[in-house]
Undergrad: 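Dumping the structure here so I can ask a few things about it.
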Amino acid sequence: MENTEIKKRIFSGVQPSGNLTIGNYLGSIKNWKAFEDEYEALYCVVDMHAITVRQDPATLRRRTYETLALYIASGLSPEKNTLFVQSHVPCHAELAWILNCYTMFGELSRMTQFKDKSKKYASNINAGLFTYPALMAADILLYQTDLVPVGIDQMQHIELTRDVANRFNGIYSDTFKIPEGFIPKAGAKIMSLAEPDKKMSKSDANVNASVYILDGRDDIIRKFKRAVTDSDTVVCRAEGKDGINNLMTIYTAFTGKTDAEIENEFSGKGYGDFKLAVGETVADALAPVHAEFDRLMADKAYLETVMKNGADYASYLANKTLSKVYRKVGFVQKPR
Ligand code: TYM
């Protein structure tokens with residue numbers, strides 16, 4: 001049902017390009033439920049972004065369902081939020097093409113994610129990987145979005161979205177709302193457990209570097225037990241203690257405890273006790289998500305109803321912006 005324009009709008013998305021990590025969870029999905037009543041929210045499974053890196057088709061298809069199921073299993077109600085798959089709403093590709101023509105080569109060249117991924121996937125530096133931020137700008141701008149809740153790594157893309165929107169508005173008069181990024185207080189950048197100076201990533205080749213949302217309890221606890229820390233023994237946040245700082249951030253994000261409370265709780269205890277407590281806390285918090293995920297994955301028909309309803313409503317909103325854009329750039333309306 002259409003929002004009567006009173007509520008502000010939220011848009012965000014996750015790529016179904018790997019097993020989602022607790023970085024994805026804490027940086028994005030977990031925080032989305034809090035917006036449910038105050039905002040009108042659209043959350044997308046961005047499958048078109050995912051193919052900027054080579055994907056196995058059957059795996060991509062499965063992960064698209066899984067990502068949608070994880071949105072719901074993490075607490076997002078499909079009645080209160082619009083949940084959909086990007087490729088089901090062709091306006092994303094159509095607006096992306098237009099925005100490509102208003103996004104500068106130099107701007108795209110400066111994107112750190114592009115630079116990182118070009119190194120990582122050196123044999124497949126395709127044009128889509130380069131123009132990816134224009135597709136992301138289209139995702140956001142199509143819905144006249146006010147707020148985009150993401151992890152820190154996506155803020156540069158949101159800045160670019162704002163620049164492109166301002167540029168377009170400057171040429172053609174107000175067309176797009178200028179969105180703001182939103183990052184959580186704890187969890188905006190969860191680091192790898194194996195190399196705590198690197199972001200935790202779903203595409204990390206080392207499976208022990210990342211805790212996946214769907215990891216079993218024993219795996220979660222084992223991974224935290226072997227998390228790389230330092231040669232000190234005191235649990236406290238300090239420069240140079242990247243591993244412990246990261247574990248404290250994860251613990252805070254799941255429990256709401258402050259640094260001082262954590263330091264107090266583990267004073268006189270060693271890293272071993274702390275790592276076990278973090279592992280158990282994460283496993284406990286994810287257990288209900290797992291149960292709900294399994295239930296949803298066994299009910300594809302329900303997931304498909306959610307996808308369809310979400311895409312229908314998203315298309316309705318997206319078409320309004322797209323037809324405005326087509327008019328403004330000078331495309332002739334198709335005669336009826
Ligand atoms: P993606 O799929 O890489 O990640 C999904 C979300 O998870 C966040 N995230 C993290 N947060 C904290 N710590 C980490 N280690 C960590 N790793 C990932 C990301 O910041 C993101 O919020 N381009 C986006 C997807 C996208 C999108 C959009 C997002 C496409 N269109 C429009 C918002 C609005 C991406 O690749 O996210």
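Nothing fancy with the numbering, it's 1 onward along the sequence. Order of listing sets the numbers, starting from 1, for every ligand and every atom in it.
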Undergrad: For F182, enumerate each residue passing the side chain to side chain contact (heavy atoms under 4.5 Å, CB included) test, keeping only those at least two apart in sequence or located in another chain.
TA: F35, L147, P149
Undergrad: Knowing that exactly one of V14, I213, V282, V211 qualifies, which makes a side chain to side chain contact (heavy atoms under 4.5 Å, CB included) with Y25?
TA: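 One option only clears the test, and that one is I213.
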Undergrad: Check whether any side-chain heavy atom of Y71 lies under 4.5 Å from a side-chain heavy atom of W32, and answer yes or no.
TA: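 The answer is yes, as the side chains (C-beta and beyond) meet within the 4.5 Å cut-off.
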Undergrad: Using a threshold of 4.0 angstrom between heavy atoms of the protein and any atom of ligand 1, which residues qualify?
TA: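 For ligand 1, the contacting residues are F11, S12, G13, V14, Q15, G23, N24, G27, S28, V46, H49, Y132, M136, D139, I140, V148, V150, G151, D153, Q154, G187, A188, K189, I190, K199, M200, K202.
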Undergrad: Return the orientation label for the H92 and F11 ring planes: parallel under 30°, perpendicular over 60°, tilted otherwise.
TA: tilted
Undergrad: Could you tell me if the side chain of D153 sits less than 4.5 Å from the side chain of K189, heavy atoms only?
TA: no
Undergrad: Any cation-pi pair here, K117 with Y121, using under 6.0 Å and within 45°?
TA: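 No cation-pi geometry.
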